[in-house]
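Here the structure is laid out as structure tokens; the discussion comes afterwards.
Note that these values count all heavy atoms, side chains included, but never hydrogens, waters or copies made by symmetry.
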Amino acid sequence: MQYLSYQEAKAFSTPFFLLDENHLANQVDLIHKAFEKYWVNGLVAYSVKTNSLPYLAKVLYNEGVAAEVVSEDEFDFINKVAQFGRGNIVCNGPIKHESWIDKILTQKCYLNIDSKRELVLVEKYARQHPDEIIKVGLRVNNDIEDIFPNASTAGIKGSRFGFSYETGELGHAIEYLRSLNTVKITGLHLHISTNLRSLAVYQYIVSKFDEIVKRYSLSDIEYLDAGGGFYGEVPNKPQWADYISTISKELSDRGYMPESLKLIIEPGVSLLAGCFSYYTRVEDVKDTARSHFVVLDGSRNHIDPLMHKTINSYFYSIEQQNKTPIFNRPQILVGYTCLEYDSFFELAQERQLEVGDMVRFDKVGAYTLTFSPLFISWFPTVYSINNGKISIVRDRWTADEFLQKSKF
């Protein structure tokens, strides 16, 4: 990662995000090389919902990465920013209205049907375009609790996405589509959200894919969408090559070949988190009857909007102007908002922080820029660093941006 020194960072107004383009390019290259080695027919579709920064979309497009979207808004945005278009957008999500279905099928993008309503809309499109062969995929809902106990992020109630294989709803969806002469089922989407991120999960995905293909004789199958949920660059955990080689071996062992089957992955956190840092400086230091507070000009809302991190899950670095003595009281780092819970963590037996000192938070590129609320102050500046050159890729929002499209 490329970081700014204290002297470099203090030249910029804080808080701000920094995208390291070189780090991102290196991660993408690792994925592409893994596909080249293990399964040449691969597609990397990054999760737009994880980070919808327009500049990021353009960078990834130029790196040969496709987009995975879950709404018509994301679909329209991604087309305007980088013209992903035909074959480079994977469309998921539980609700797809008729206008979006029409766009997806007209542009020949990947459509993974998630609901019964979408089946009806595909049929309507097919009747309106009788001379067109229409290719669609189906999102599979899997109950994995018996195989991976307590692993699903959906909990014991199970996931709400896709058609249930166990209850027969998937079979009904397949038969519905088969009744439409011009519609072909060419893909299955088997993403499973787990807290394991283990290779065994992807071995299971392939086994279930194979079971469904054979049970329902899906002779037109062209792709397996394995979804996301990878560790990515986390040390001492499976890496990109481990995941892709494992999936590829399972597919090969079951008789599939890259010449006839595309493997799609949808990395989000695993690809994007490590490419962003967040810089904020100490604005004030105060003592109350109970605590010693260090007030930052940034907010926890920007980097932990779901408020689930602990001190052990933050990746941070502190840059100080002066070498101060060790402070014998806990220093509580808090944000600029008027919310009492806008508190990062406590520092114990660390050097005393002073006004002007800098705190850098790393690995903050996932579900931060997309979740950050427009609360009290608007979106902060986002910079990009590429081979040492820094440029603004989204300027700080002001009242002008906040008021756009408003009537008063």
(message) Does L306 have more than 12 heavy atoms from other residues, nucleotides or ligands lying within 6.0 Å of its CG?
(response) yes
(message) Could you check whether atom CD1 of I95 has more than 12 heavy atoms from other residues, nucleotides or ligands sitting under 6.0 Å from it?
(response) no
(message) Consider side chain to side chain contact (heavy atoms under 4.5 Å, CB included). Of I265, L30, T50, I31, which one does L271 pass it with?
(response) I31
(message) Between D20 and L24 (side chain of the first, backbone of the second, donor and acceptor by atom type, cut-off under 3.5 Å), is there such a pair?
(response) no
(message) Which heavy atom of V122 sits nearest to which heavy atom of L177, and what is that distance?
(response) CG1-CD2, 4.4 Å
(message) Does K208 have more than 12 heavy atoms from other residues, nucleotides or ligands lying within 6.0 Å of its NZ?
(response) yes
(message) I'd like to know if the side chain of D114 reaches the main chain of F161, judged simply by a donor and an acceptor atom lying under 3.5 Å from each other, with no hydrogens or angles considered.
(response) no
(request) Report yes if some heavy atom in the side chain of I174 is under 4.5 Å from a heavy atom in the side chain of L218; otherwise report no. (result) yes
(message) With rounding to the nearest 0.5 angstrom, report the CD to CG distance, Q203 to D253.
(response) 10.0 Å
(message) Just verifying a value: how many Å separate I113 CD1 and R139 CZ, rounded to the nearest 0.5 Å?
(response) 13.5 Å
(message) With rounding to the nearest 0.5 angstrom, report the CG to CG distance, L188 to L138.
(response) 6.5 Å
(request) Nearest 0.5 Å please: distance from the CG atom of L19 over to the CZ atom of R394. (result) 12.0 Å
(request) Please examine the side chains of S252 and W39, heavy atoms only from C-beta on, and report whether any two atoms are closer than 4.5 Å. (result) yes
(request) Answer yes or no: is there a donor N or O on one side and an acceptor on the other, between the side chain of S313 and the main chain of T310, under 3.5 Å? (result) yes
(request) Examine Y231 together with Y243 and report whether their ring centres are nearer than 6.0 Å. (result) no
(request) Give a yes or no answer on whether the side chain of S164 reaches the backbone of N141 with a donor-acceptor pair at less than 3.5 Å. (result) no
(request) Report yes or no: do Y6 and Q320 form a side-chain donor-acceptor pair below 3.5 Å? (result) no
(message) When you measure from the side chain of E401 to the backbone of T398, do you find a donor-acceptor pair of N or O atoms at a distance under 3.5 Å?
(response) yes
(request) Would you confirm whether N26, through its side chain, and M1, through its main-chain N or O, come within 3.5 Å as a donor-acceptor pair? (result) no
(message) In terms of relative ring orientation, are F16 and Y279 parallel, tilted or perpendicular, with 30° and 60° separating the classes?
(response) parallel
(request) Verify the distance criterion only: is there a donor paired with an acceptor across the side chains of D220 and T186 at less than 3.5 Å? (result) no
(request) Could you tell me whether the side chains of S277 and D362 share a donor-acceptor contact shorter than 3.5 Å? (result) yes
(message) Ignoring hydrogens, what is the shortest heavy-atom contact between F163 and L170? Give both atom names and the distance.
(response) CB-CA, 3.7 Å
(request) Without swapping roles, check the side chain of Q239 against the backbone of V234 for a donor-acceptor pair under 3.5 Å. (result) yes
(message) Tell me every residue that passes ring-ring contact (aromatic ring centres under 6.0 Å, His included) with Y110, counting only those two or more places apart in sequence or in another chain.
(response) Y223
(request) Can you see which heavy atom on R300 is nearest to which on F344, and at what distance? (result) N-CZ, 3.3 Å
(message) Taking atom NZ as the centre, does K214 end up with more than 12 heavy-atom neighbours from other residues, nucleotides or ligands that are less than 6.0 angstrom away?
(response) yes
(message) Donor-acceptor pair, distance only, cut-off 3.5 Å: does the side chain of H23 make one with the backbone of C275?
(response) no
(request) Kindly say whether the aromatic ring centers of F345 and Y316 come within a distance under 6.0 Å. (result) yes
(request) For the pair F84 and Y46, name the ring-plane relationship: parallel under 30°, tilted 30 to 60°, perpendicular over 60°. (result) tilted
(request) Assess whether atom NZ of K135 is packed by more than 12 heavy atoms of other residues, nucleotides or ligands within 6.0 Å. (result) no
(message) Looking at Q128, I want to see if its CD is surrounded by more than 12 non-hydrogen atoms of other residues, nucleotides or ligands under 6.0 Å.
(response) yes
(request) Measure the OH-CD1 distance between Y204 and I144 for me, rounded to the nearest 0.5 Å. (result) 7.0 Å
(request) Count the heavy atoms of every other residue, nucleotide or ligand shown that sit under 6.0 Å from CG of D287, and state whether that count exceeds 12. (result) yes
Side-chain atoms of residues 53-67: list all donor-acceptor pairs with protein atoms under 3.5 Å, sequence neighbours left out, distances to 0.1 Å.
residue, atom, partner, partner atom, Å
Y55, OH, E21, OE2, 2.6
N62, ND2, K58, O, 3.3

(message) Checking ring pair (Phe, Tyr, Trp, His ring centres under 6.0 Å) between Y383 and each of F12, F17, F276, which is the one that passes?
(response) F12
(message) Under 6.0 Å between ring centres: does that hold for W240 and F230?
(response) yes
(message) A side-chain contact here means heavy atoms from C-beta on lying under 4.5 Å apart; do N22 and N386 qualify?
(response) yes
(message) Regarding E36 and K33, does a basic nitrogen lie under 4.0 Å from an acidic carboxylate oxygen?
(response) no
(request) Check whether any side-chain N or O of D29 sits under 3.5 Å from a backbone N or O of A25 as a donor-acceptor pair, and report yes or no. (result) no
(request) Name all pairs fulfilling the side chain to side chain donor-acceptor pair (under 3.5 Å) condition that reach into residues 88-102, sequence neighbours left out, sorted by first residue then second. (result) E68-N92, E72-S99, N92-N112, N92-H189, N92-E266, K96-E118, E98-K124
(request) For residues D342 and N301, report the shortest heavy-atom separation together with the two atoms involved. (result) OD1-N, 4.2 Å
(message) Closer than 3.5 angstrom, by distance alone: can the side chain of T370 be matched with the main-chain N or O of S52 as a donor-acceptor pair?
(response) no
(request) May I ask you to say whether E319 pairs ionically with K10, meaning some side-chain N is under 4.0 Å from a carboxylate O? (result) no
(request) Please report the shortest heavy-atom distance between A226 and L263, naming the atom on each side. (result) CB-CD1, 4.3 Å
(message) Out of the candidates Q352, R351, E354, only one should pair with N322 under the side-chain hydrogen bond (donor to acceptor under 3.5 Å, both in side chains) rule; please name it.
(response) E354
(message) One thing to verify: whether R254 and D210 come together as a salt bridge, which I'm taking to mean a side-chain N less than 4.0 angstrom from a carboxylate O.
(response) yes
